[in-house]
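Along the sequence shown, residues are numbered consecutively beginning with 1. All of these numbers come straight from a predicted model, not from anything done at the bench.
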Amino acid sequence: MPFGECTITLQDVAYQLGLPIDGEAVSGCLTNFENLMENGRPAWQWFRELFGELPPHDKIKQMTVHYTWFHERFRVLLADASEETVRIYTRAYILMLLSSQLFADKNANRVHFRWLPYLTSMDNLERYSWGSAALAWWAIYLLTNDAGDQRVVSARLCLDRLLDRDEPYSAPDVATIVHPEILVEEHCRLWMEVTSLIYFAVIEWHQMDRVIPQFGGVQHLPQLALNIDCLHAKDGRGGDRWFPRYYQEWYLHWDNRMDSVIPVDRVADPGPSAE
């Protein structure tokens, strides 16, 4: 990445979405839960337990359910609903939010089953790094999406217009609307990680060492860029796997992410070093 360019980092995810960027990787398997997970159950049995019923056959396609079934079935929650009913509706809302908003793709009218293991205990959702998973997915999606798509063109144009001294979150009014945890030191330092970003079969590399001026520091010679073109070609199709084992090398990078945090000394005039 030439000097002066910028990219989307974990800082952007933290500020704009308020998602946790620390925690376990969002991964597992995509379909064969009963074969690949410890104590796994058949997916449809699991679905009935979590949502109280099964959708009609015309709303089902392989490991997905049509979005309209969720939208119609869980549209209105009665005021006197039991605690278990509230839990079912909450699972449905989270499932729709993940599939249609946070990890949406061109097939956004269907909800995938990959999230079932995460919904068994909603109290454990905070254990995962949803922010890093979202950034991994967006990086791949922007690369593989139609280059003429207006959303992609608009996003790239906004990035191109930024100057090397622009700090979009430095305005005082920004600090008044973000969650306080975002500005805590142990959270902020995670923006400086040079590590893998993981979302099931998607692996991306957080190369913030090449855009240090975005964080107000002087740009020194970065580490050699990793060639992960082979990973960009994978999307989980062609045989399901338990991805934490299949991509063990990249999971080790994530597990050791605290060792890859780069210190950044903020200066008045960030720019390239003499090197």
Side-chain angles (χ1 to χ4, degrees), residues 6-28 30 70 90-105 108 111-112 114-143 145 151-152 155 158-159 167-171 173-208 211 214-215 236 243-244 247 250-251 253-258 260-262 264:
C6 60
T7 191
I8 302 172
T9 69
L10 289 173
Q11 180 191 36
D12 300 297
V13 175
Y15 266 103
Q16 297 191 31
L17 297 180
L19 293 171
I21 59 175
D22 195 18
E24 298 178 25
V26 177
S27 187
L30 297 178
F70 280 95
T90 302
R91 294 187 192 109
Y93 176 79
I94 293 175
L95 193 63
M96 289 189 291
L97 183 66
L98 292 171
S99 296
S100 66
Q101 300 296 321
L102 198 56
F103 300 100
D105 56 19
V111 177
H112 198 279
R114 71 187 67 186
W115 306 113
L116 294 185
Y118 292 90
L119 297 174
T120 55
S121 175
M122 290 181 291
D123 294 335
N124 289 331
L125 286 173
E126 62 182 6
R127 291 170 39 199
Y128 299 95
S129 176
W130 296 102
S132 66
L135 183 53
W137 174 243
W138 294 343
I140 295 295
Y141 186 58
L142 287 175
L143 283 174
N145 202 0
R151 292 171 300 175
V152 178
C158 289
L159 290 175
E167 293 185 56
Y169 308 115
S170 60
D173 55 341
V174 172
T176 65
I177 61 175
V178 299
H179 196 285
E181 287 187 11
I182 291 176
L183 304 178
V184 175
E185 173 59 28
E186 55 263 31
H187 188 96
C188 294
R189 66 193 302 262
L190 298 177
W191 305 339
M192 317 301 176
E193 298 171 335
V194 180
T195 187
S196 55
L197 305 173
I198 299 169
Y199 170 66
F200 289 93
V202 173
I203 308 291
E204 189 53 64
W205 194 247
H206 192 239
Q207 299 186 93
M208 62 75 48
V211 290
Q214 282 185 224
F215 299 91
F243 296 112
Y247 292 125
W250 303 99
Y251 279 77
H253 280 295
W254 177 252
D255 291 341
N256 298 323
R257 58 193 177 278
M258 297 305 298
S260 65
V261 173
I262 295 179
V264 175

Where [X] and [Y] come nearest, the two heavy atoms and their spacing:
X: Ser129; Y: Ser132; value: OG-OG, 2.6 Å
X: Ala25; Y: Trp254; value: N-NE1, 3.7 Å
X: Met208; Y: Trp191; value: CG-O, 3.7 Å
X: Glu193; Y: His206; value: O-ND1, 2.6 Å
X: Ala134; Y: Leu102; value: CB-CD1, 4.1 Å

- Glu24, CD atom: more than 12 neighbouring heavy atoms under 6.0 Å: yes
- Message: Can you tell me if Arg189 has over 12 outside heavy atoms packed within less than 6.0 Å of its CZ?
- Response: no
- Task: May I ask you to check whether Tyr199 and Arg114 show a side-chain donor-acceptor distance below 3.5 Å?
- Result: yes
- Message: Tell me every residue that passes side chain to side chain donor-acceptor pair (under 3.5 Å) with Arg257, counting only those two or more places apart in sequence or in another chain.
- Response: Asp22
- Backbone N/O of Glu204 and side chain of Trp250: donor-acceptor pair under 3.5 Å: no
- Message: If we ignore hydrogens and angles and just use 3.5 Å, is the side chain of Asn256 paired with the main-chain N or O of His253 as donor and acceptor?
- Response: no
Would you give the length of the straight line joining atom [atom1] of [X] to atom [atom2] of [Y], rounded to the nearest 0.5 angstrom?
X: Leu116; Y: Thr120; atom1: CG; atom2: OG1; result: 9.0 Å
X: Thr9; Y: Leu135; atom1: OG1; atom2: CG; result: 7.5 Å
X: Ile182; Y: Ile177; atom1: CD1; atom2: CD1; result: 9.5 Å

- Message: Go through it in stages, so that I can follow the logic: the residues are Tyr251 and Ser27, the test is side-chain hydrogen bond (donor to acceptor under 3.5 Å, both in side chains), and I'd like the CA-CA distance, side-chain angles, deciding distance and then a yes or no.
- Response: CA-CA 10 Å; Tyr251 279 77; Ser27 187; 2.3 Å; yes
